[in-house]
Amino acid sequence: MNDTQTMIGIKVYYFDRIDSTNEYAKSLINMVPEGTVILADQQTRGKGRHGRTWYSPADGIWMSVILRPQNVSLITVAAGVAVCETLRTVGVVPGMKWPNDIILKRKKIGGILTENVDESTIVGIGINLNMRQFPRGLKNVASSVFIETKKRLEKEMVYGILCTQLDDCYSLLKTGQTSELLTKWRHYSIMLGREVYIEAGDKKVTGRVLDISNDGALMLMCPDRRVERIIGGACHLTS
Ligand code: BTN
C-alpha cells in the first residue's frame with residue numbers, strides 16, 4: 001500500500017449524537033488534514049440533497065470525509081462506487097442511481113451529499129444499515145440493508161471496509177485512472193438504457209440514459225434524438 005491508499009480516517013472525530021456530520025466538518029474544515037472523518041451514531045439534523053432532511057437514527061452509518069481533490073467532478077461517483085464495493089464485500093449487491101443514490105431492491109438505502117467549501121470538499125455518506133423500520137412518509141422510497149436482506153451487519157466492520165474502499169476509489173481519481181472508476185460506476189448503475197425524467201432548477205428533461213461522461217455528467221438521448229449532457233439535478237426513473 002502507498003500513502004494515497006491509507007489516508008481516509010487519518011483523524012477521526014466520533015460523536016454519539018450530532019446535528020449533522022457535514023455541518024461539523026464545515027466548522028473545522030481548514031484546521032484538519034485531508035482524510036479526516038467525522039462519524040456519528042445518530043444525527044439530529046442530518047442533511048440530504050435539495051435541502052431535504054436525512055433520517056439518521058442509530059443503526060446507520062453517518063459520516064463525512066474532508067478531501068482536497070484537484071478536480072471535484074467525480075468525487076460523488078467515487079464515493080458512490082466505494083459504498084457499493086463495501087456492501088458487495090459483505091454480500092449485499094446494491095445499485096447506483098445518478099447522481100448520488102444507493103439503491104437496493106428499488107429502494108434508497110444510502111446517499112452521498114458532496115459540499116465544496118473553500119479549497120476542500122466534504123463528502124457526506126449515509127448508509128441505512130440495520131434499521132428495522134422507517135417513518136410513514138419515507139417507507140415507500142427508503143429502506144435499509146437489514147429490511148431488504150435480513151442481514152444485520154456490524155457497523156464498525158462496514159465502516160472499516162468503507163474507509164479502505166474510499167481510499168482505493170480516491171486513489172483512482174488522484175492518479176488519473178478515471179476510466180477504471182467509470183467502469184465500476186457502469187457496473188453498479190441501474191440507469192443505463194432506462195428512460196428518465198430530470199429536474200434541474202427550472203429545466204425539465206426526459207430521455208434515455210446513454211452513459212456517464214468523463215466528468216460525471218449524465219448523457220441522455222432526448223426524444224428529438226439530441227444528446228443532452230446533464231450535470232446535476234433530481235433524477236426519476238420512468239421505465
Ligand atoms: C441524499 O441522498 O440526499 C444525501 C444524503 C447524505 C446523508 C449523509 S449522512 C452523513 C452526512 N451528514 C449529513 O448531514 N448528511 C450526510
Side-chain angles (χ1 to χ4, degrees), residues 8-9 12-29 32 35-67 72 75-84 86-87 94-104 106-117 120-131 134-135 137-145 153 155-156 158-159 162-163 165-166 185 188-191 196 198-201 216 218 232-237:
I8 309 294
V12 180
Y13 291 78
Y14 166 75
F15 297 90
D16 290 339
R17 179 188 280 232
I18 199 173
D19 53 353
S20 153
T21 57
N22 268 36
E23 287 305 306
Y24 192 79
K26 280 180 202 167
S27 72
L28 35 86
I29 195 89
V32 291
T36 296
V37 167
I38 297 91
L39 178 67
D41 266 346
Q42 294 181 48
Q43 296 183 120
T44 52
R45 297 187 63 176
K47 299 194 314 171
R49 288 178 79 234
H50 308 298
R52 297 187 192 118
T53 55
W54 182 262
Y55 179 59
S56 323
D59 284 335
I61 289 188
W62 324 123
M63 67 185 272
S64 302
V65 188
I66 296 175
L67 297 177
V72 296
I75 282 287
T76 304
V77 167
V81 168
V83 172
C84 289
T86 298
L87 292 175
M96 286 176 69
K97 183 160 87 63
W98 184 93
N100 72 315
D101 293 347
I102 310 297
I103 305 289
L104 189 60
R106 293 172 179 263
K107 292 204 173 159
K108 179 156 168 161
I109 56 142
I112 319 287
L113 177 65
T114 303
E115 300 186 272
N116 295 312
V117 180
S120 301
T121 299
I122 298 165
V123 182
I125 300 174
I127 309 178
N128 302 339
L129 216 53
N130 294 320
M131 293 111 100
F134 281 79
L138 279 179
K139 65 181 175 198
N140 288 338
V141 288
S143 190
S144 70
V145 171
L153 299 172
K155 225 172 14 174
E156 292 72 17
V158 176
Y159 166 75
L162 180 56
C163 287
Q165 292 296 339
L166 284 166
W185 184 88
Y188 287 112
S189 171
I190 59 166
M191 305 189 69
V196 294
I198 311 262
E199 291 174 280
L218 197 67
C235 174
H236 311 276
L237 292 168

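Atoms within each ligand, like the ligands themselves, are counted from 1 in listed order.
In terms of protein heavy-atom proximity, atom 5 (C) of ligand 1 is closest to Trp54 CE3, 3.4 Å.
Closest non-hydrogen pair, Val123 versus Leu67, comes out as CG2-CD1, 3.9 Å. Here the closest non-hydrogen pair linking Lys107 and Ala142 is CD-O, 3.8 Å. When all heavy atoms are compared, the tightest approach of Trp62 to Trp54 is CZ3-NE1, 3.2 Å.
Taking every heavy atom of Lys47 and a limit of under 4.0 angstrom, the matching atoms of ligand 1 come to 5 (C), 6 (C), 7 (C), 13 (C), 14 (O), 15 (N), 16 (C). For ligand 1, the atoms closer than 4.0 angstrom to any heavy atom of Arg49 are 1 (C), 3 (O), 4 (C). Each of the atoms 14 (O) of ligand 1 lies under 4.0 Å from some heavy atom of Gly46. Using a 4.0 Å cut-off to heavy atoms of Thr21, the atoms of ligand 1 that qualify are 10 (C), 11 (C), 12 (N). With ligand atoms numbered from 1 in the order given, ligand 1 contributes 1 (C), 2 (O), 3 (O) to contacts under 4.0 Å with heavy atoms of Lys108. Using a 4.0 Å cut-off to heavy atoms of Ile112, the atoms of ligand 1 that qualify are 4 (C). For ligand 1, the atoms sitting less than 4.0 Å from at least one non-hydrogen atom of Met63 are 10 (C), 11 (C), numbered in the order shown with element in parentheses.
Of the residues Ile18, Val32, Val37, Leu39, the one that meets the side-chain contact (heavy atoms from CB on, under 4.5 Å) test with Tyr13 is Val32. Evaluated for a side-chain contact (heavy atoms from CB on, under 4.5 Å) with Ile109, the options Asp101, Val83, Leu87 yield exactly one hit, Leu87.
Side chain of Ser64 to backbone of Asn22: a donor-acceptor contact under 3.5 angstrom is found. No donor-acceptor pair under 3.5 Å is formed between the side chain of Asn128 and the backbone N or O of Gly60.
Of the heavy atoms in Gln43, only side-chain atoms (C-beta onward) come closer than 4.0 Å to ligand 1.
Comment: Lys47 engages Glu115 in a salt bridge, judged by a side-chain N to carboxylate O separation of less than 4.0 angstrom.
In terms of polar-atom proximity, defined here as any N/O pair under 3.5 Å, Asn100 does make such a contact with ligand 1. Looking at Arg45 next to ligand 1, no N or O pair under 3.5 Å apart turns up.
No heavy atom of Arg52 sits closer than 4.0 Å to any atom of ligand 1.
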